[in-house]
S.K.: 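Please read through the structure below; I'll follow up with questions.
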2 protein chains.
Amino acid sequence: MTPQSILAELVEESRISDPTGARGRLLRAAARLFREKGYERTTVRDLAAAIGIQSGSLFHHFRSKEDILKAVMEETIVLNTELMRHALRQASTPVERMWALIRSELESINGQTGEAMAVLVFEWRSLSGDAQRDILKLRDVYEAMWLEVLGELKSAGKMSADPFLTRRMLTGALSWTVTWYRPDGPRNLDDMTDEVMAMLGLGER
Amino acid sequence: MTPQSILAELVEESRISDPTGARGRLLRAAARLFREKGYERTTVRDLAAAIGIQSGSLFHHFRSKEDILKAVMEETIVLNTELMRHALRQASTPVERMWALIRSELESINGQTGEAMAVLVFEWRSLSGDAQRDILKLRDVYEAMWLEVLGELKSAGKMSADPFLTRRMLTGALSWTVTWYRPDGPRNLDDMTDEVMAMLGLGER
DNA sequence: AACAATACCAAGCAAGCGCTTGGTTTGTAA
DNA sequence: TTACAAACCAAGCGCTTGCTTGGTATTGTT
């Protein structure tokens, strides 16, 4: 099971849009623009131009601009939840699972879907209350995986800190990498995962 | 030297605006609104209404809307740099200084100036390139204090991780508290500082 | 070939935006 | 009292925004 095959499966199940179709291409472009300029500073004209159509034609594919933002967030969560679930299956011990979670989240944020993940983190406020609730539901599934592993670590005596607090600190620390991490820099994502594990006193895996 | 007296001194030196004057009151209101709704979603009419004047009258105090954002950020950095410098002076060992830094940053983010700090972190993109450069200069002074203490810790063998990486992770983790921390919750800022120190393996101070 | 559904364009509307303008009030000091 | 600057108001300009509308290609199905 490769990341590509997971993506393909989700497209098959219509849980996310085909990246080669107009809708999928627009969502990718939207993620890039939303991250670069922010949701508010990105106009529907920008979005339309990014895939070579007129601004009015956008509204054939989406009901509103906010709908585009929501779709970006939904599909990003769905995809990355599945990728993380897959990463977890490969790991057997709690410490290995923790490594897999951190590595998976770093990949989500700094890899292919990074732009969309950044949008998910930083454009939260631009969603209406209703849309926020919908996204939050999807997010709960994702967060539950983290809390389960952190709970295992605590039970196993590998960690003394509160799982909830630890997760919140990690959310901030890992999300923040999007603002400074460069793949062509001195370390890759594996290195960084090791270093974060070491910081948490989970060095020997 | 209390926080209030530091504030008073900075006002005296005209490094930040008098909070009781029109300009200072506007900057406080702006910080609140920018954090609540974001810079782009906040209109000059909102800002003016917040201190009970007409929207046009704003431009007697500030040249542009962006100028208001920049002023919020500048004054926030100046104030919190001084507060942190003061906190550092009270501490004698590297571990104590580290505790002071974390505690000070948590206070900046979740205390009185929290709204402005959140703006500083999350509205970065809304500044023009020139303005970003100006703010960055002020920020460098602040960051240098962190790196010095982290360097001391490493030299003293209290920490093995890279100071730069550690600071970046901490920036994310501590900034993120603004999205979830509530003062009326189960822990205060002292508790949280202890827990963060423990996570980093600096438990015994 | 005929038809319907899908995808798109060209034009523009109503509303809201940051900011300007010309003029009035308020505060201060001689 | 007079003089003058700082602080503010009322009105609105020019522009951009998200979105709508009516019509035209394009695509897929039978």
Side-chain angles (χ1 to χ4, degrees), chain A residues 11 14 17-73 119 123-132, chain B residues 11 14 17-73 119 123-132:
Chain A
V11 171
S14 312
S17 312
D18 183 351
T20 63
R23 189 187 153 97
R25 270 167 44 237
L26 183 104
L27 289 181
R28 268 232 297 248
R32 206 192 67 240
L33 287 169
F34 288 164
R35 174 181 159 188
E36 263 177 38
K37 321 204 291 174
Y39 172 77
E40 302 290 343
R41 291 176 106 92
T42 304
T43 70
V44 293
R45 286 165 180 82
D46 292 335
L47 293 169
I51 58 165
I53 61 175
Q54 291 296 106
S55 67
S57 308
L58 266 193
F59 295 88
H60 174 73
H61 299 282
F62 296 90
R63 264 176 303 140
S64 66
K65 185 189 171 190
E66 191 192 344
D67 229 48
I68 298 176
L69 176 60
K70 192 181 170 186
V72 168
M73 292 187 172
V119 170
E123 302 294 342
W124 188 250
R125 261 183 330 200
S126 297
L127 277 187
S128 70
D130 283 352
Q132 284 191 14
Chain B
V11 172
S14 312
S17 313
D18 183 351
T20 63
R23 189 186 154 97
R25 271 167 43 236
L26 184 105
L27 288 181
R28 268 233 297 252
R32 208 191 65 240
L33 287 169
F34 288 164
R35 174 181 159 187
E36 262 176 40
K37 321 204 292 175
Y39 172 77
E40 301 290 343
R41 291 177 105 94
T42 303
T43 69
V44 293
R45 288 165 179 82
D46 291 335
L47 293 169
I51 58 164
I53 61 175
Q54 292 296 106
S55 68
S57 309
L58 266 193
F59 295 88
H60 174 73
H61 300 282
F62 296 90
R63 264 176 304 141
S64 67
K65 185 188 171 189
E66 190 192 345
D67 228 49
I68 298 176
L69 176 60
K70 192 180 170 188
V72 168
M73 292 185 172
V119 170
E123 302 294 343
W124 188 250
R125 260 182 332 199
S126 296
L127 277 186
S128 71
D130 284 351
Q132 284 192 14

S.K.: Report the residue (Ala22(B) or Thr42(A)) whose heavy-atom-nearest nucleotide on DNA chain D is the more 5′ of the two.
M.R.: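 Between the two, 5'-proximity favours Ala22(B).
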S.K.: Check Leu58(B) against Leu47(B) and note the closest heavy-atom contact, atom names and distance.
M.R.: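 In this case the closest contact between Leu58(B) and Leu47(B) is CD1-CB, 3.8 Å.
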S.K.: Answer yes if the side chains of Ser128(B) and Asp130(B) hold a donor-acceptor pair under 3.5 Å, and no otherwise.
M.R.: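 No - no donor-acceptor pair under 3.5 Å links their side chains.
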S.K.: Looking only at the side chain of Arg45(B) (C-beta and beyond, no hydrogens), which of the listed nucleotides dA10(D), dC19(D), dG12(D) gets closest?
M.R.: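 Of all the options, the side chain of Arg45(B) is nearest to dG12(D).
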S.K.: From the options dA10(C), dC8(D), dC19(D), select the nucleotide whose nearest atom is closest to the side chain of Gln54(A).
M.R.: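 Per side-chain heavy atoms of Gln54(A), the pick is dA10(C).
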S.K.: Ala30(A) and Val72(A): which non-hydrogen atoms are nearest, and at how many Å?
M.R.: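 Residues Ala30(A) and Val72(A), closest heavy atoms: CB-CG2, 4.1 Å.
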S.K.: Between Arg41(A) and Asp46(A), does any NZ, NE, NH1 or NH2 come within less than 4.0 Å of an OD or OE carboxylate oxygen?
M.R.: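 Salt bridge flag = no for Arg41(A) with Asp46(A).
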S.K.: Base, sugar-phosphate alone, or nothing: which one does Gly52(B) contact when heavy atoms must sit under 4.0 Å apart?
M.R.: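 Answer is sugar-phosphate: Gly52(B) comes under 4.0 Å of backbone atoms only.
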S.K.: In whole angstrom, what separates Leu26(A)'s CG from dT6(C)'s P?
M.R.: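 Going from CG in Leu26(A) over to P in dT6(C) covers 19 Å.
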S.K.: Return the value, rounded to whole Å, for the distance between atom CD1 of Ile51(A) and atom C1' of dA7(C).
M.R.: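 Between C1' of dA7(C) and CD1 of Ile51(A): 11 Å.
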S.K.: In this structure, how many angstroms lie between the C1' atom of dT17(D) and the CG atom of Leu47(A), rounded?
M.R.: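 Roughly 13 Å, once rounded to whole Å.
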S.K.: Starting at atom OH of Tyr39(A), determine the distance to atom P of dT17(D), rounded to an integer number of angstrom.
M.R.: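 It is 13 Å, rounded to the nearest whole Å.
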S.K.: Roughly how many Å is it from CD1 in Ile68(A) to P in dT17(D), rounded to a whole number?
M.R.: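 Rounded to the whole Å, the gap is 15 Å.
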S.K.: Do any of residues 55-65 of chain B sit with a heavy atom less than 4.0 Å from DNA chain C, and if so which?
M.R.: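 Those residues whose heavy atoms fall under 4.0 Å from DNA chain C, taken from residues 55-65 of chain B in numerical order, are Ser55(B), Gly56(B), Phe59(B), Ser64(B), Lys65(B).
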S.K.: Let me know the distance between CD1 of Ile53(B) and P of dC9(D), rounded to the nearest Å.
M.R.: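 For the pair Ile53(B) CD1 and dC9(D) P, the rounded distance is 6 Å.
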S.K.: Kindly confirm or rule out a cation-pi arrangement of Lys65(A) over Phe59(A), judged by NZ or CZ under 6.0 Å from the six-membered ring centre and within 45° of its axis?
M.R.: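 Lys65(A) over Phe59(A) ring: no.
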S.K.: In sequence, state the C-alpha distance, the side-chain angles, and the governing distance for Arg23(B) and Asp18(B), and then conclude on side-chain contact (heavy atoms from CB on, under 4.5 Å).
M.R.: CA-CA 7 Å; Arg23(B) 189 186 154 97; Asp18(B) 183 351; over 6 Å; no
S.K.: Rounded off to whole Å, could you give me the CZ-to-C1' distance for the Arg23(B) and dC8(D) pair?
M.R.: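 After rounding, the gap between these two atoms is 17 Å.
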S.K.: From the options dC8(D), dC19(D), dC17(C), select the nucleotide whose nearest atom is closest to the side chain of Thr43(B).
M.R.: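 Per side-chain heavy atoms of Thr43(B), the pick is dC17(C).
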S.K.: Which residue, Arg28(A), Arg35(A), Glu36(A), forms the side-chain contact (heavy atoms from CB on, under 4.5 Å) with Arg32(A)?
M.R.: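 With Arg32(A) as partner, Arg28(A), Arg35(A), Glu36(A) yield a single side-chain contact (heavy atoms from CB on, under 4.5 Å), made by Glu36(A).
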